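Small disclaimer: the values here were computed from a predicted structure and weren't measured.
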Amino acid sequence: MVQSKQQQKLQALVNAGRLESIPFDAGIFTEQTNSCSLFRSDAIFLIEKDSVQGAFSVAYTYMRKSATLLLAVRQVRPTARGGHRVISDVLAFEPQLPKQLVIDYEKLREKRNKVEYPSAFVEDVDIALINRCIAIGDLLLAAAQRTVSS
């Protein structure tokens with residue numbers, strides 16, 4: 001069977017130990033879709049309560065979980081070795097995603113690391129960053145749902 005370039009790139013990441021192959025499970029997909037929706041709602045709730053740092057962390061989690069769902073549709077998931085970074089790598093060769101979304105995802109991943117693991121001072125976050133996490137999460141979740149539906 002001939003593999004697409006995307007499948008070849010995914011397989012290379014599996015071979016490198018940054019991703020692992022998993023079977024697609026529609027039940028888990030639905031469960032995780034519902035979980036994503038809760039993280040999205042929680043982020044908005046935290047914005048309304050002026051908990052900007054908390055809202056950013058939760059919005060980032062929503063974005064990451066949505067991305068991980070898209071990977072699950074491709075029958076892969078990140079390993080500890082691949083971490084959050086491999087998600088950006090996989091998104092980069094998703095044909096349906098705009099390049100800017102992938103660039104923003106990676107910048108938000110880096111910002112999240114600075115917020116979660118401060119070296120000297122806590123990084124500033126604002127509503128625009130939170131809203132971008134939510135917007136990217138919405139796009140990734142929709143892409144995963146479209147892929148399952150087709």
inquiry  = Please give me the minimum heavy-atom distance between A43 and A55, naming the atom from each residue.
reply    = O-CB, 3.7 Å
note = Heavy-atom closest pair (P78 atom, G83 atom, distance to 0.1 Å) is CB-O, 3.6 Å
Heavy-atom closest contact (G17 atom, R81 atom, distance) = O-CB, 3.6 Å
key: Over all atoms of both residues, closest heavy-atom pair of S4 and Q7   = N-OE1, 2.8 Å
request  = Please answer: with hydrophobic residues joined when any side-chain heavy atoms are less than 4.5 Å apart, are F24 and L141 in the same cluster?
outcome  = yes
query = Can you tell if the side chain of R109 reaches within under 4.5 Å of the side chain of I87, non-hydrogen atoms only?
reply = no
query = Quick check: does any side chain N or O of S37 sit under 3.5 Å from a backbone N or O of T33, one acting as donor and the other as acceptor?
reply = yes
task = May I ask you to decide if L129's main-chain N or O and K111's side chain share a donor-acceptor pair within less than 3.5 Å?
result = no
request  = Evaluate the side-chain hydrogen bond (donor to acceptor under 3.5 Å, both in side chains) criterion for residues E116 and S57: first the C-alpha distance (whole Å), next the side-chain angles of each, then the deciding distance (0.1 Å), finally the verdict.
outcome  = CA-CA 8 Å; E116 295 288 321; S57 291; 2.7 Å; yes
message = Assigning hydrophobic clusters by single linkage (Ile, Leu, Val, Met, Phe, Trp, Tyr; side-chain heavy-atom cutoff under 4.5 Å), is I103 placed with L70?
response = no
note = Of L140, D138, T61, L139, the one forming a side-chain contact (heavy atoms from CB on, under 4.5 Å) with S66 is L140
inquiry  = Taking K9 first and then D89, would you say they form a salt bridge - that is, a charged N and a carboxylate O separated by under 4.0 Å?
reply    = no
ask   = Does the distance from a Lys or Arg side-chain N to an Asp or Glu carboxylate O, for E110 and K107, drop under 4.0 Å?
value = no
query = What ring-ring contact (aromatic ring centres under 6.0 Å, His included) pairs are there with at least one residue in residues 61-94, not counting sequence neighbours?
reply = Y60-H84
query = Judged by atom type as modelled, is there a donor-acceptor pair below 3.5 Å linking the side chain of S21 to the main-chain atoms of V76?
reply = no
inquiry  = The criterion is salt bridge (Lys or Arg N to Asp or Glu O under 4.0 Å); which residues satisfy it with D42, sequence neighbours excluded?
reply    = none
key: Gap between atom CG of L97 and atom CD1 of I136 - 0.5 Å precision   = 10.0 Å
query = Looking only at atom types and distance, does a side-chain atom of R77 sit under 3.5 Å from a main-chain N or O of L69, one as donor and one as acceptor?
reply = no
